[in-house]
Engineer: 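Right, I'll just put the structure down here and ask away after.
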Amino acid sequence: MADPKGFMTTPRQEWPRRPVGERVRDWDEVYVPGALLPIVSAQADRCMDCGVPFCHEACPLGNLIPEWNDLVSRDDWRAAADRLHATNNFPEFTGRLCPAPCEAGCVLAINQPAVTIKNVEVAIADRAWELGLAPPRPPDRLSGRTVAVIGSGPTGLAAAQQLTRAGHTVAVYEKDDRPGGLMRYGIPEFKMERRHLERRLDQMRAEGTRFRMSTAVGRDVGAAELRSRYDAVVIAAGATAWRELDVPGRELDGVRQAMEYLPLANRVREGDMAESPISAAGRHVVIVGGGDTGADCLGTAVRQGAASVTQLDIYAQPGADRDHDAEPWPTYPKIYRLSAAHEEAEALGTAPSAHADARLFAASTLRFTGDADGRVRELSLVEVDAGRRKVAGSTRTLPADLVLLALGFSGPDRTDGLVDQLGLTMEPRGTIARDAGFATNVPGVFAAGDAARGQSLTVWAIAEGRSVAAAVDRYLTGSSRLPAPIGPGDRPMVV
């Protein structure tokens, strides 16, 4: 604790974002380059080094937050990078994409603004790369055991890196043409530039991890055949079975899933095509769903030049402050948050008929109406109360040339045959069943990440990857020294 009074004398200051008018004209990250480093040491000084750091409990990775806060306050970047990487394979991912439940659990947050833990984390991660503090760590010797990891999202990559470093020969199978999963084709570049992903992939290749691209297990290679070729298999295929909206007019042209829309926009950024076949340019866009995926669609549509963009959230607008009775500290509260995309929509006035930040709260979709050519032109909605009952007389319509459904995911996609070919037992909610050791009902086959947990956060995905790696290592060798930060049944802190 470099400054015992830091939390009393230094106000919270976050990494500033670039002006809206500038950043919506490109796809670069929204933050001012180089503006974090000058402020981050003083922000780390705000950490109280409290005796019982609830930020540890709020973070599924068990990040050693007070320790690296202290080291950053002293400008000891090497030691800070060591402590950060001790618990997190990819802190530059979580530092950009995680909603920071650790900050909600910060003891200072009981009655003051929390420490900017997320900003400190990403500063350490970026500084580690700049100073050459994140070299490849290939194993000293090989175990002679082989592992196939299905899926290259954060869970699959974390599991693969841990198992490779433990000495096993690991091959990652990915159905797309490039590794990264939703971090490549789901997350827009204004949230995380692809160079951060590519840098980690290069590190993993140098350590010995192999990647098999454009290979859908169950379709391009039989799942049972793959199981017979490897000593163990980790299924980290994600939860890509999107939820549908069963209302009249769903079949109209122009009503699309968010995960049909976002990957195409990202492929334009990859140079695969000149423009997206599902573009928001010049269109009135309505996004159904109030979560992060909907916000990603919002920011993407703004950059594509939409005529208007409105986002529908079925929940009522939350308050600005934590409800200490309903969601007491240190749980992650549902409060009004203004993401970069919502800030852009508010500044540009993209949805005159909605809340200033383009959101319509407590809104439920009734139907879509199309023209004579079968293309969507209008969305009808109704206001709902806390019990999702329709409010009489509140029906209204919005112009809609493009509707994007961002309603979440229910489990792994079963159309490729992976689940059925292996004969995996499934949970009623559509996820893969597993025991307390991450093992499925098929010997030698393990499941982790969203495919088994259900849709969750990047930080939970990485924690699952680290934990399933420990389970596989133990299965292969009889014991393991790899860390296992969570169990399959662990969940975020809630009331």
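As the structure is a prediction and not an experimental result, all values here were calculated from the model. In this chain, residues are counted from 1 in sequence order.
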Engineer: Distance check, rounded to the nearest 0.5 Å: Leu262 atom CG versus Thr293 atom OG1?
Structural biologist: 7.0 Å

Engineer: According to the ring-ring contact (aromatic ring centres under 6.0 Å, His included) rule, which pairs have a member within residues 9-44, sequence neighbours left out?
Structural biologist: Trp15-Tyr31

Engineer: Answer yes if the side chains of Gln43 and Thr10 hold a donor-acceptor pair under 3.5 Å, and no otherwise.
Structural biologist: no

Engineer: Should the pair Arg23-Glu343 be classified as a salt bridge under the 4.0 Å nitrogen-to-oxygen rule?
Structural biologist: yes

Engineer: Any side-chain donor-acceptor pair under 3.5 Å between Arg200 and Gln203?
Structural biologist: yes

Engineer: Please check if any side-chain donor atom of Asp357 sits under 3.5 Å from a side-chain acceptor atom of Tyr336, or the reverse.
Structural biologist: yes

Engineer: Residues two or more places apart in sequence or in another chain: which of them pass salt bridge (Lys or Arg N to Asp or Glu O under 4.0 Å) with Glu22?
Structural biologist: Arg18

Engineer: Hey, what do you get for CH2 (Trp77) to CG (Leu131), rounding to the nearest 0.5 Å?
Structural biologist: 8.5 Å

Engineer: Is it the case that the side chains of His342 and Gln311 hold a donor-acceptor pair, with the cut-off being a distance below 3.5 Å and no angle test?
Structural biologist: yes

Engineer: Any Lys/Arg nitrogen of Arg194 or Glu198 sitting under 4.0 Å from an Asp/Glu carboxylate oxygen of the other?
Structural biologist: no

Engineer: Give a yes-or-no answer on whether the side chains of Arg184 and Asn266 include a donor-acceptor pair shorter than 3.5 Å.
Structural biologist: no

Engineer: For Ser152 and Gly180, which heavy atoms make the closest approach, and how far apart are they?
Structural biologist: OG-N, 2.8 Å

Engineer: Other residues, nucleotides and ligands only: do more than 12 of their heavy atoms fall within 6.0 Å of CZ on Arg429?
Structural biologist: yes

Engineer: Got a second to check how far Leu407's CG is from Thr365's OG1, nearest 0.5 Å?
Structural biologist: 8.0 Å

Engineer: With Arg389, which residues qualify under side-chain hydrogen bond (donor to acceptor under 3.5 Å, both in side chains), at least two apart?
Structural biologist: Asp385

Engineer: Looking at Glu383 and Lys390, is any side-chain nitrogen of the basic one under 4.0 Å from a carboxylate oxygen of the acidic one?
Structural biologist: no

Engineer: May I ask you to check if Arg303 and Phe190 form a cation-pi contact, with NZ or CZ under 6.0 angstrom from the six-membered ring centre and within 45° of the axis?
Structural biologist: yes

Engineer: Among residues at least two apart in sequence or on other chains, which ones pass side-chain hydrogen bond (donor to acceptor under 3.5 Å, both in side chains) with Arg12?
Structural biologist: Glu14, Glu103

Engineer: If you draw a 6.0 Å radius around CD in Glu57, do more than 12 non-hydrogen atoms from other residues or ligands fall strictly inside?
Structural biologist: no

Engineer: Restricting to salt bridge (Lys or Arg N to Asp or Glu O under 4.0 Å), what partner residues turn up for Arg195, sequence neighbours left out?
Structural biologist: Glu193

Engineer: What residues form a salt bridge (Lys or Arg N to Asp or Glu O under 4.0 Å) with Glu67, not counting sequence neighbours?
Structural biologist: Arg83

Engineer: Does a donor on one side chain and an acceptor on the other come within less than 3.5 Å for Ser41 and Asp75?
Structural biologist: yes

Engineer: Report the residues that fulfil side-chain contact (heavy atoms from CB on, under 4.5 Å) with Ala451, sequence neighbours left out, ordered by chain and then residue number.
Structural biologist: Pro412, Ile432

Engineer: Please list all pairs meeting side-chain hydrogen bond (donor to acceptor under 3.5 Å, both in side chains) that have one or both residues in residues 447-461, counting only residues at least two apart or in different chains.
Structural biologist: Arg453-Glu464

Engineer: Going from NZ on Lys118 to OG1 on Thr94, what distance comes out if it is rounded to the nearest 0.5 angstrom?
Structural biologist: 9.0 Å

Engineer: Could you verify whether a donor N or O on one side chain and an acceptor N or O on the other, from Thr240 and Asp413, lie under 3.5 Å apart?
Structural biologist: no

Engineer: Where do Ala341 and Gly299 come nearest, in terms of heavy atoms and distance?
Structural biologist: CB-N, 3.7 Å

Engineer: For the atom pair CD1 (Ile124) and CG (Leu71), what is the distance rounded to the nearest 0.5 Å?
Structural biologist: 8.0 Å

Engineer: Check each of Thr116, Asn69, Val120 against Val40 using the side-chain contact (heavy atoms from CB on, under 4.5 Å) test, and report the only one that passes.
Structural biologist: Val120

Engineer: Checking salt bridge (Lys or Arg N to Asp or Glu O under 4.0 Å) for the pair Arg269/Glu189: CA distance, chi angles, key distance, verdict?
Structural biologist: CA-CA 8 Å; Arg269 296 295 304 150; Glu189 277 208 273; 3.1 Å; yes

Engineer: Considering residues at least two apart in sequence or located in another chain, which fulfil the salt bridge (Lys or Arg N to Asp or Glu O under 4.0 Å) criterion with Asp126?
Structural biologist: Arg96

Engineer: Which residue pairs satisfy the ring-ring contact (aromatic ring centres under 6.0 Å, His included) criterion with at least one member in residues 301-331, sequence neighbours excluded?
Structural biologist: Phe54-Trp329

Engineer: If a pair satisfies side-chain hydrogen bond (donor to acceptor under 3.5 Å, both in side chains) and one of its residues is in residues 283-292, list it, with sequence neighbours excluded.
Structural biologist: His284-Ser308

Engineer: The criterion is side-chain hydrogen bond (donor to acceptor under 3.5 Å, both in side chains); which residues satisfy it with Glu130, sequence neighbours excluded?
Structural biologist: Arg127

Engineer: Salt bridge check: are Arg78 and Asp82 linked by an N-O gap of less than 4.0 Å?
Structural biologist: no

